[in-house]
There are 2 protein chains.
Amino acid sequence: MMETAIFSALAEPHRLRIVELLKNGPLTVNEIAERLQIRQPQASKHLRVLLEAGLVEVEAVANRRNYRLRSEPFQTLYDWLKPYLNVWNERFDNLDIYLQKLQAQEDDQPE
Amino acid sequence: MMETAIFSALAEPHRLRIVELLKNGPLTVNEIAERLQIRQPQASKHLRVLLEAGLVEVEAVANRRNYRLRSEPFQTLYDWLKPYLNVWNERFDNLDIYLQKLQAQEDDQPE
DNA sequence: ACGGAATATTCTTGTAAAGGAATATTTAAA
DNA sequence: TTTAAATATTCCTTTACAAGAATATTCCGT
């Protein structure tokens, strides 16, 4: 069963924007705080949540921290999502098969 | 920019399980409450959140309500997710191109 | 060793949201 | 037209969490 940690992490608007920013490559805490127009401590806190959810990883360079996306949770998300994308097609397929059977019956027993 | 409504809705464990249940087809409120081992009012409340997030739709049949998944939010989610799935490949491609350029330079200026 | 920059942490406060209990509403059945 | 079933809503309490302010920590340059 899917964990809700990923969804919780992405449910906060600032954190979602951080993830979208990091799509273009690693950023430091101050860069993120600056672009989101939030204060540094809030940026650090949100990054901590993203870190604990496994969405990002850090690389310490001197007194800076480069945060970057991790691929795994996105793959997890995709694996979870995939079946849903097919649900409606499958339902249609089932209807399709049903109609074909109906047609076959009519062929067997013409009025 | 992506809305956080979908993520918030899925961030609650009971609601995530409801969505996973509905993958197999529509269910009534009591059926859901029963399978999740929660009380009916909580089921109704969670379904209301899912409804307002656009994840499910209702069909009233007598005094029962059949809840079913809507396809749109899952498509939205996929469209949002798609670019992330390619990010790491692209990074690798860029590295690849960089290495090719490096190789080309070495060819121009052999030691 | 000292000062400043970059980041993390702690404490507090306000707010949103989840669960429980009780009740209201609608519909079918007797 | 009562009664029961299915569902929704309201009120209350508790908990989780986001933001602000202040402070701690770590590292570089001088």
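First the proteins, then the strands, lettered A, B, ... as listed; each starts at 1.
Remark: the backbone N or O of B:G54 is paired with a side-chain donor or acceptor of B:R70 at under 3.5 angstrom.
As rounded to whole Å, 12 Å separates atom P of C:dA17 from atom CD of A:E12. A:N30 has its CG atom 9 Å from the C1' atom of C:dA5, to the nearest Å. For the pair B:R64 CZ and C:dT26 C1', the computed distance is 14 Å after rounding to whole Å.
Among B:L16, B:N24, B:L22, the single residue meeting the side chain to side chain contact (heavy atoms under 4.5 Å, CB included) criterion with B:E20 is B:L16.
Contact footprint of chain B on DNA chain D: nucleotides with an atom under 4.0 Å from a non-hydrogen protein atom, first to last in 5' to 3' order, D:dA5 to D:dT10.
For the pair B:R48 and A:Q42, nearest-nucleotide mapping onto DNA chain D gives the more 5' position to B:R48. Residue whose closest nucleotide on DNA chain D sits further toward the 5' end, between B:K45 and A:P41: B:K45.
Below 30°, between 30° and 60°, or above 60°: for A:F7 and A:W80 the angle between ring planes is above 60°, a perpendicular geometry.
Looking only at atom types and distance, the side chain of A:S44 has a donor-acceptor partner in the side chain of A:Q40 under 3.5 Å away.
Using a cut-off of 4.0 Å between Lys/Arg side-chain N and Asp/Glu carboxylate O, A:R68 and A:E59 are scored as salt-bridged.
If you chain together hydrophobic residues whose side chains sit under 4.5 Å apart, A:Y67 and A:L21 fall into the same group.
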